[in-house]
Amino acid sequence: MTRQEPPFEPAPPRATPADHATRVSRRGLFKGAGAAAVSAALLGARETLAREAAVADEVRTQGPGLVPITLRVNGEERKVQVEPRTTLLSALRLRLDLTGAKPVCERSQCGACTVWLDGQTVYACSVLAVEAEGREVTTVEGLGTPSDMHPVQAAFCAEDALQCGFCTPGMVMACAFAVKQHGKDLTEDQARAAVAGNLCRCGTHPHVLRAALRAAKGE
Amino acid sequence: MARRVTYTTGLVGSDERVAQHPQARREITVDVHDDDATPWGVDAKLRVVGTDVPRVDGPAKATGAAKYTYDIQPQGLCFAGLVTSPHAHAEVQAVDVAAALKIPGVLVARAAGGRQVTFPGSIVAVVCAESEEALDDGLRAVVVTYDVKPPAVTVEDAMADGAAQVDRRAPNVPPEDDPRATMRRGDAQGAWDAAEVKVEGTWRTAIQTHSCLEPHGVVVQVMPDGHATIWASTQATSGFAAGPAMSRALGVPAAKIRVLTEHMGGGFGSKFGALEWDVLAAELARETRRPVRMLLSRRLEHLLGGNRPDSIQQMELGGTKDGRFTVLRGDVLGTAGNAAGGAGSNNVMVYGLPNVAMRQRTVRTHTARAAAFRAPRHPQGAFALEGVIDRFAHAAGLDPLEVRKRNDDHPIRRIQWDLAAERIGWAEARGRGGQRKDGPWRFGVGCAAARWSNAGRGAWRVDLKVHADGHVAVMSGVQDIGTGTRTLMAVLVAEELGIGVDRVDVRVGDTDYPPGPGSGGSTTSPSIGPAAREAALHAREGVAAKLAEAWDVPVADIGWKDGHYEAGGRTASFEEAARLVGTGGLAVSGTRRPNYEGPYGETAGVQMAEVAVDVETGVVRVKRVVAVHDAGRLVDTLTARSQVNGGVLQGISFALHEERRLDRAQGDMVNPTFDTYRILGLADTPQIDVLLTSVVSGFNNAGIMGLGEPATVPTAAAVAGAVYDAIGVQVTELPMTPARVLAALEGA
């Protein structure tokens, strides 16, 4: 019996807080043990235990009060004071006044706070500011400005892929990531998948799709 | 003073269609106010109006530069939040804020709201802190003791014998014989007895929350000099702080309060005047002498931010064997929470129904109050009405589309039925109860109609300043809630002045400018657009007077043709002539005149949906929607298509996904998050073909009407009709979840 599959690819998984935690810890290990000495192939059970112990030794207790950190945002080093529980979203908005990324659902459900972390889309509401230290953060403001827009931003305007605009910064970051990944070959299904994690209440979806494809084709 | 103008209104373009439907165009004579612009008829040669114009605030929104209320962060900003009751019906015994006040950074923690809790989400305390983190801690530290009582959560619960009474002053449901509840036309009983074809049924719709992405709320700042600024996420900047509550809370007279809504993240009817939490924010700003932000959490936005009432609609439709309706009878119940009114359905306005008896009653429950939601009562009404019509067509053995056309005499909609049917391929798309299939999938098509009738109102003024560089600034207190109001005003001004849209800077959402209309009832465009056009005309006349001096000719000799001034062989563009206004510029204004008598006061719409239904899993997928709408004369066809897309997608979401679920015992909402309260996403978005019919309404100088609401009226009904056509049984309850589809199939 033939079953029709949904007409799009499933969305690639977005990075979760756990992924970041792992990465941060592994970095710590590399730094502690010397990157050259560590090979993934050698990491058997014993090595895993040793690694965890090393990570435990490495862990700095931060907080509960304010912690000074340096964020690399849109190519600039920015020093901020945050509580360990402060999210990247909150730090960007309240400490750096970068209010493009929007708080909407509070918990990884809507995509309005989408930014890039080391070039990958993440929900900034679900990444701690301290986890982002030392990594490259790109926000919608870093992508382009009203007088010098990124092709995806220009395509959003040309196709009217925005109404109230509250979801737009997140949509733009998700679409720009897809365009960066796939370039001119971006398909409709890939574009659908890229913004599957972004909610819009005004119903701009058809125009968002058009904008992503337009930007990919460089029109 | 007025001048008499004769011009042609109705359908723009498509002379072929007009030949088939002569009523689609009419010549009218109106007395136009002397200061007003001469109305554009169907033959007016327009340069910008009626084309695709990119939204003027698009770049600001696409780059994150646009500042919403949530983005306003004055120095020293404090954060306020609400402690609310988890119980639906209770009495507050004690509010203990001692622990909260000990938390570093917490500035204020105190009881708020009343002692009687009549819905979950009732405000019982408020906390204000210097950081979001301290606010979180403070809210958690407030201890409230309740005397919990049994609630009446649903319509059925509230109508049961011995149900808890929601309001001491009135019963939960008005009596059946309440004369205000029943609308009658003709002789419904006689017509029912005489009807050749009779069908009946009960249709139900769930409560839908507005789910605005930017929650309700404000940022409030009281300046040392006694002025106060409120940044508000509102659809009605001019009315937001007009009442005495805000003045009292801030301790300043209304004249010293400025309300700003430069951009706002969705309202859909739920954001008008200042609400309880807005007033609390104002009190806190005054108490703390600090700017205070109060924006609802996502959970509270679902609970308190408004909702579309549910409905239980018992319907009876009678008519003749050849498909003419003679009578509609109905009994409709719904709850708007603890409010006395607001539920019900609108289902008697589209088709010819000579005899009607409809009873509509709002049932009080211990739930949060409903709010106006994009076409209040209409999508619910269309779902039941079009559903009973589909049942009628089936009983009479007639094509559902043919039955509708036989009962519809709207001259524009008669054209739209044909346009939609051609586009979707109606005859081929029909499933006739399972005849179009592929594996477990069944395919079908459905149709439904929309109407709207609001030509706008109000003597709103728009200010306009001409600068010597040929740019103009246009100012009004009206807000752009994402519908494109700025762009609409810019297009009308650009058209009138023969300049590019990029030369027009529209500043709105500020009560320092002349008051503008609230954005409700799809009236913003027809209410403010004509004033913008008139202001531009006055600018053109003002510059003409300067030009007359410069050219040394009487001003009456200066003509305006093809976007240029001309006199005695000399010509000048507006931009060239604008140099003459000098460094001071030229300030003018335009006023919205009372509506003229127009023949097209009821806008029309038709939507058709094609669906695939998996009869094994019950999953419904909308494959395609054709949406045909008019909105009077269309000013910007690009943003108009966006409006229609939005109406359609909210309608599909209403049809298939959205349902506020309540704990029956306690009344609290069990799905106040976006992963449990599903709204449609891009993965669920079908192909939408938007066909726009531009119709000069005749009511104002630009022939504009509104579009926001009608676009969402027929969608769920058309999707439901398509499901019926696909599987041969009707799903009579929204949302049409897989479980409900399977239940309908099993019951067949």
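Within every chain, numbering begins at 1; the chains are lettered A, B, ... in the order of the sequence lines, protein sequences first and strands thereafter. All of these numbers come straight from a predicted model, not from anything done at the bench.
The contact between Ile688(B) and chain A is made entirely by side chain atoms (from C-beta outward), counting heavy-atom distances below 4.5 Å. Residue Arg678(B): no heavy atom, backbone or side chain, is found under 4.5 Å from chain A. With a 4.5 angstrom heavy-atom cutoff, Cys105(A) touches chain B via backbone and side-chain atoms both. In this structure, the portions of Leu94(A) lying under 4.5 Å from any heavy atom of chain B include both its backbone and its side chain. Contacts of Glu214(B) with chain A are made by both backbone and side-chain atoms, with heavy-atom separations under 4.5 Å. No part of Leu143(A) comes within reach of chain B, as not one of its non-hydrogen atoms sits under 4.5 angstrom from that chain. Only the backbone of Ala158(A) comes within contact range of chain B, with heavy atoms under 4.5 Å apart. Of the atoms belonging to Thr86(A), heavy atoms from both backbone and side chain fall under 4.5 Å from chain B. The contact between Glu106(A) and chain B is made entirely by side chain atoms (from C-beta outward), counting heavy-atom distances below 4.5 Å. Both the backbone and the side chain of Glu133(B) come within contact range of chain A, with heavy atoms under 4.5 Å apart.
Across every non-hydrogen atom of Leu88(A) and Ala132(A), the tightest pair is CD1-CB, 3.9 Å. When all heavy atoms of Thr487(B) and Pro54(B) are compared, the closest pair comes out as CG2-O, 3.9 Å.
With sequence neighbours excluded, the residues forming a ring pair (Phe, Tyr, Trp, His ring centres under 6.0 Å) with Phe166(A) are Tyr68(B), listed by chain and number.
Residue pairs that meet the ring-ring contact (aromatic ring centres under 6.0 Å, His included) test with at least one member in residues 195-219 of chain A, sequence neighbours left out, do not exist here.
More than 12 non-hydrogen atoms from other residues, nucleotides or ligands lie less than 6.0 angstrom from CD of Glu77(A).
Your options are Asp97(A), Thr168(A), Thr204(A), and the one with the most heavy-atom pairs under 4.5 Å with chain B is Asp97(A). Between chain B and the residues Cys167(A), Gly165(A), Gly100(A), the most heavy-atom pairs under 4.5 angstrom are made by Gly165(A). For the options Arg93(A), Glu83(A), Arg107(A), Met149(A), heavy-atom pairs under 4.5 Å to chain B are most numerous at Arg93(A). Ranked by heavy-atom pairs shorter than 4.5 Å toward chain B, the options Val208(A), Val140(A), Thr145(A) are led by Val140(A). Ranked by heavy-atom pairs under 4.5 Å with chain A, the first of Gly267(B), Pro215(B), Ser297(B), Cys212(B) is Ser297(B). Contact count versus chain A (heavy atoms, under 4.5 Å) is highest, among Asn645(B), Leu213(B), Leu649(B), Thr685(B), for Leu213(B). Contact count against chain A (heavy-atom pairs under 4.5 Å) is highest for Thr63(B) among Asp52(B), Thr63(B), Val53(B). Between chain A and the options Asp137(B), Leu77(B), Ile652(B), Thr483(B), heavy-atom pairs under 4.5 Å are most frequent for Asp137(B). For the set Gly484(B), Ala65(B), Ser211(B), Gly58(B), the count of heavy-atom pairs under 4.5 angstrom toward chain A peaks at Ser211(B). Listed options Glu141(A), Arg85(A), Met171(A) were ranked by heavy-atom pairs under 4.5 angstrom with chain B; first place goes to Arg85(A).
Between the side chains of Ser90(A) and Thr87(A), not a single donor N or O lies within less than 3.5 Å of an accepting N or O.
Look at Glu188(A) and Arg192(A) and you find a salt bridge, because one of the NZ, NE, NH1 or NH2 atoms lies within 4.0 Å of a carboxylate O, short of that distance.
For Lys67(B) and Trp231(B), the positive end is not near the middle of the six-membered ring at less than 6.0 Å and at most 45° from its axis.
Under the 4.5 Å side-chain criterion, counting only non-hydrogen atoms from C-beta, Asn74(A) is not in contact with Val137(A). The closest side-chain heavy-atom distance from Tyr677(B) to Gln208(B) is below 4.5 Å.
If you take CD on Glu658(B) and CD on Gln650(B), they are separated by 7.5 Å, rounding to the nearest 0.5 Å.
A perpendicular orientation is assigned to the rings of Phe674(B) and His302(B), their planes being inclined by more than 60° (bins at 30° and 60°).
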